[in-house]
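Values in this document were obtained by computation on a predicted structure and should not be read as measured data. Each chain gets a letter, A, B and so on, in the order the sequences are listed, and its residues count up from 1.
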Amino acid sequence: MTDFRPQQLDKKWQQQWASSKTFEVDEDASRTKFYCLEMFAYPSGYAHVGHLRNYIIGDVMARAKWMRGFNVLHPFGWDAFGLPAENAAIKTGTHPETSTLENIAHMKGQLQRLGISYAWEREIATCLPEYYKFNQWIFLKMLERGLAYRKRSTVNWCPSCNTVLANEQVIDGACWRCGTIVVARDLEQWFFRITQYADELLEGLESLTGWPEKVVVMQRNWIGRSEGARVTFPVAGTDAAIEVFTTRIDTIYGATFVLLAPEHPIVDRFVKESADAAFRERVASFRALDREARRDGKEGFDTGRSALNPFTGEEVPIWIANFVLAEYGTGAIMAVPAHDQRDFEFARKYTLPIRVAVQAGNEAVTVETMTEASTNYGRLVDSGDYTGQEAPAVITRMIADAGKRGIGTGEVQYRLKDWGISRQRYWGTPIPVVHCEKDGVVPVPYTDLPVELPKIATFTGLGDSPLAQASEWVNVKCPACGGPAKRETDTMDTFVDSSWYFLRFCDPGNTERPFDPAAAAYWMPVDFYVGGVEHAILHLLYSRFFTRVLRDIGLVDFDEPFTRLLTQGMVLNNGAVMSKSKGNVVDPDDMLAKYGADALRLYVMFVAPPEKEIEWSDAGLEGSFRFLVRVWRLVDHWAETIGGEAIPECGDDCTDTERAVRRKAHETIRRVTTDIEDRMHLNTAVSSLMELVNELYSFSDGTARGAPTRVEAQVGVMERTQTIAVLREAIDALVLMISPFAPHTAEELWHMLGHAGGLAAAKWPSFDPKVARADQVVVPVQINGKLRARVKAPADASEDQLSEIALADATVRTYTTGKTIRKVVVGKGPLVSLVVQ
RNA sequence: GCGAAAGUGGCGGAAUUGGCAGACGCGCCGGACUUAGGAUCCGGUAGCCGAAAGGCUAUGGGGGUUCGAGUCCCCCCUUUCGCACCA
């Protein structure tokens with residue numbers, strides 16, 4: 001008996017994989033590629049077991065694919081720029097670069113101790129100039145194409161992080177990272193024109209059949225396409241006009257007032273022209289409200305002005321309302337209280353007129369009786385020439401008429417905004433432009449890339465942009481005129497880094513371009529992508545955007561970067577997500593010291609399907625460890641006896657028991673293979689392997705103490721070459737199939753079984769349906785819907801034969817004698833169902 | 001409020017297309033081996049009735065379709081997640 005010492009095996013095989021470069025790959029046109037990727041990590045310095053789950057999921061997939069003959073790219077890297085390192089520098093004085101590189105080294109060690117099969121020579125870190133040079137390269141390309149542009153705009157400012165946030169980084173009016181309430185601030189910013197791709201990003205979702213529906217829906221909602229019309233309402237008594245966006249132009253005869261966002265530009269004019277100090281104040285106080293406060297209730301006030309409804313010619317009052325969003329549509333709406341719930345509430349609150357313009361449904365809607373807005377489409381009433389016509393056709397007609405009369409036009413609006421990428425931070429990619437007094441914004445020439453981050457010694461956390469302090473770096477000659485100029489001191493949002501890193505892995509050493517298009521053509525798209533659902537919108541949408549931009553630049557020739565997406569569930573402990581502050585983290589190194597990497601890997605895969613959240617359990621881990629010990633003992637027990645035997649041909653000379661073991665082995669191969677490859681049910685794959693082990697134990701009873709086994713107790717049974725061959729086949733298959741989950745143990749066992757060469761070179765076992773098929777099947781018999789008997793039948797029995805056998809059965813006959821058999825159904829399974837009366 | 005997913009033993013979870021509900025594991029109970037067992041092996045373990053054979057009841061609740069429903073349809077309850085004035 002050889003002892004199972006997982007810690008030694010971990011070390012031995014990890015060294016072996018590293019020294020023989022087992023997982024390093026090259027393009028090979030003769031082989032089918034498989035690109036398996038887990039979302040790269042922010043190097044916080046320490047990963048608890050909750051962080052490790054998706055790497056294990058990816059590794060199981062990668063290793064299984066490897067054995068199935070694919071050329072597997074399985075790389076890893078670091079999302080290494082970002083706020084936490086800079087915040088730490090402010091606190092401790094440690095330079096972000098120092099702490100980041102240390103953190104990377106530590107976390108890399110953690111992943112290596114888990115035995116994840118990464119092609120480490122492709123490792124990338126976004127904070128290195130070799131990488132971010134190409135953030136800058138892509139930025140310049142986008143600038144050339146008008147996809148990167150500058151605009152002055154109100155942005156979200158986090159007073160705590162001292163930086164601008166993208167819309168997507170604001171959650172419920174608060175900073176996504178620190179939770180501080182965001183305030184508005186006006187700054188000159190860089191934007192990526194993602195809205196130019198809005199329709200394409202939306203349509204592309206249709207093709208993402210390998211993504212969870214949930215994520216597709218979230219993206220669709222985020223893009224938020226809506227078709228409608230822009231209609232012009234002239235302001236009475238002036239040459240000005242207010243444009244509104246509406247999806248319900250069919251209700252325009254019911255528009256009884258116009259609402260403006262407090263920030264709407266025309267409000268400035270009203271304020272300027274107004275002598276009323278109270279009016280000014282109300283405007284100012286409305287503008288000061290954050291999103292949170294505006295949600296509390298619908299508030300508004302009259303501007304004293306009125307607008308002309310271009311369809312009716314009627315004058316309607318103009319109000320300012322807190323719930324009208326300045327950043328959506330035109331920042332102004334026509335209010336139709338009869339047919340919009342929000343307008344209805346507003347009208348009732350301020351007793352503004354309500355007028356019905358559409359009748360939907362059977363019961364007529366009247367202003368007097370309605371208690372809520374009637375929002376369904378229907379037949380128009382009191383709508384001039386359009387009266388009696390029906391939506392949606394009338395909408396098309398009204399938009400066309402508005403166009404002819406020059407009072408409106410069809411328009412599509414998106415909830416999606418252009419992506420603000422400027423960050424007033426140090427630890428990020430410098431934006432490669434200079435500001436020249438004479439030439440304005442001048443791009444840094446490609447030949448001068450990368451614009452390297454200067455070393456800054458002290459981090460105060462005060463001021464707008466830390467880079468502004470590095471005066472030697474800031475002051476440069478203008479690339480265009482040679483005169484004095486200043487570098488841009490903002491850095492890029494780190495989501496830029498992560499929007500194309502998966503492409504860099506295809507060719508991480510390229511110094512001329514982000515990557516070689518030929519390499520990307522071979523490896524991309526990513527076949528299997530694993531990561532947290534928290535990236536369902538931002539990272540995944542930006543990556544889809546970047547992929548299209550790079551396509552238009554000519555670097556890739558596909559649209560969608562990720563074919564199949566798996567969003568793994570979180571790991572909870574004591575009902576909560578693991579976090580240091582909650583004090584419920586489980587340290588992987590503790591677990592490795594106690595049980596080894598394989599038990600940890602196996603447990604995390606077995607306890608629940610990958611996309612579900614799991615609750616950490618020491619007892620569960622212990623159970624997985626026990627299972628590995630069982631496997632170890634089984635193989636150890638038989639290794640010598642069964643060495644060198646060929647795969648059996650189980651003919652008539654095999655016993656029933658032998659045939660049963662072969663059947664179980666092949667059935668397990670079938671189940672594990674489909675569970676891993678088709679269904680991603682890794683938990684049931686493991687349970688199938690456990691069943692096989694149980695079967696082999698009852699066959700061979702491989703106890704630790706060498707107690708007489710059942711098989712050995714039968715005289716002469718071990719002389720049967722068939723027995724040995726059957727065991728050999730089953731045990732080989734077991735070790736092969738367990739290897740993606742428990743690679744260290746499997747490598748050692750494979751070696752013990754006398755196989756030359758590592759498992760990565762071994763072939764996944766193949767399933768033989770002929771072997772898996774039983775000669776006899778047990779057929780359940782239902783009588784009036786209740787299970788009453790089981791009968792034995794030949795596996796290839798026809799439906800008629802099955803009914804015959806069932807009806808002849810003694811138990812069945814106790815239910816049928818003296819009664820009429822009304823119906824006999826033979827179902828899949830097979831199964832016989834009788835209706836008896 | 002809108003949208004999505006889910007609800008199965010003491011627990012985590014199985015059940016692939018409508019076909020034997022509870023695989024597999026944890027826990028618990030019993031046995032074997034033992035000076036000992038928290039090691040290992042074997043067996044049992046949804047609930048109720050029964051000595052047993054067996055029967056009855058069970059997949060959040062209520063209806064329906066079907067020879068047959070955890071699975072499909074309708075209504076309701078609960079939980080989780082996402083979105084939340086997007087005109």
Can you tell me, in whole Å, how much space there is between the P of B/rG54 and that of B/rU17? 33 Å
Answer with base, sugar-phosphate or nothing: what part of the nucleic acid does A/Val324 contact at a heavy-atom distance below 4.0 Å? base
Does A/Gln219 reach the main-chain N or O of A/Ala536 with its side chain, forming a donor-acceptor pair under 3.5 Å? yes
Roughly how many Å apart are B/rG64 and B/rA58, using the P atom of each and rounding to a whole number? 14 Å
Candidate nucleotides B/rG18, B/rA15, B/rA87, ranked by approach to the side chain of A/His681 - the nearest: B/rA15
With a 3.5 angstrom cut-off on both distances, give the Watson-Crick or G-U wobble partner of B/rA36, or none if there isn't one. none
Nearest to the side chain of A/Phe323, which nucleotide is it out of B/rA87, B/rC67, B/rG82? B/rA87
Distance below 4.0 Å between A/Arg679 side-chain N/O and B/rU17 OP1 or OP2: no
Identity of whatever pairs with B/rU66 - Watson-Crick or G-U, under 3.5 angstrom: none
Under 4.0 angstrom, heavy atoms only, what part of the nucleic acid is A/Lys298 near: base, sugar-phosphate, or nothing? base
Would you kindly say whether A/Asp199 and A/Tyr414 are connected by a side-chain donor-acceptor distance under 3.5 Å? yes
Any donor and acceptor pair, going by atom type alone, linking the side chain of A/Glu615 with main-chain N or O of A/Gly575 inside 3.5 Å? yes
For B/rC2, what is the paired nucleotide under Watson-Crick or G-U wobble rules, both distances under 3.5 Å? B/rG82
Counting Watson-Crick and G-U wobble pairs only, both distances under 3.5 Å, name the nucleotide matched with B/rG50, or none. none
For A/Pro830, which contact category applies under a 4.0 Å heavy-atom criterion: base, sugar-phosphate, or nothing? nothing
Is A/Gly331 touching bases, backbone alone, or none of the nucleic acid, heavy atoms closer than 4.0 Å? nothing
Choosing from B/rG3, B/rG12, B/rC56, which nucleotide comes nearest the side chain of A/Val607? B/rG12
Any A/Lys823 side-chain nitrogen or oxygen under 4.0 Å from OP1 or OP2 of B/rC67: yes
Using purine N1 to pyrimidine N3 plus N6-O4 or O6-N4 for Watson-Crick, or N1-O2 and O6-N3 for G-U wobble, each under 3.5 Å, what pairs with B/rC28? B/rG44
Counting only side-chain N and O atoms of A/Lys612, is one of them less than 4.0 Å from OP1 or OP2 of B/rG13? yes
Under 6.0 Å from the six-membered ring centre of A/Phe346 and within 45° of its axis: does the NZ or CZ of A/Lys298 meet both? no
Using 0.5 Å steps for rounding, measure from the CG atom of A/Leu600 to the CZ atom of A/Phe625. 12.5 Å
Gap in Å between the two P atoms, one belonging to B/rG82 and one to B/rC76, rounded: 25 Å
How would nucleotides 21-27 of chain B be written as a contact map, 5' to 3', with B for base contact, S for sugar-phosphate-only contact and - for no contact, using protein heavy atoms under 4.0 Å? --BBSSS
Could you measure the distance from the CZ atom of A/Phe741 to the CZ atom of A/Phe606? Nearest 0.5 Å is fine. 11.0 Å
Among B/rC67, B/rC41, B/rA84, the one nearest any side-chain atom of A/Tyr697 is B/rC41
Applying the Watson-Crick and G-U wobble criteria at under 3.5 Å, what pairs with B/rU71? Answer none if nothing qualifies. none
Return the value, rounded to whole Å, for the distance between atom CG of A/Leu541 and atom P of B/rG82. 18 Å
Is a salt bridge present between A/Lys664 and A/Glu695, judged by a nitrogen-to-oxygen distance below 4.0 Å? no
Among the candidates B/rC81, B/rC83, B/rC56, find the nucleotide nearest to the side-chain atoms of A/Arg415. B/rC83
A/Leu831 has its side chain closest, among B/rG13, B/rG19, B/rC41, to B/rG19
Just by distance, no angles: are the side chains of A/Asn694 and A/Arg630 close enough, under 3.5 Å, to form a donor-acceptor pair? yes
Comparing A/Arg788 and A/Asp675 on RNA chain B - which has the more 5′ nearest nucleotide: A/Asp675
Result for 5'-nearest mapping on RNA chain B, choosing between A/Pro780 and A/Arg248, is A/Pro780
Taking the minimum atom-to-atom distance to the side chain of A/Tyr328, which one of B/rA14, B/rA87, B/rC67 wins? B/rA87
Shortest side-chain distance from A/Tyr815, nucleotide among B/rU17, B/rG55, B/rA87: B/rG55
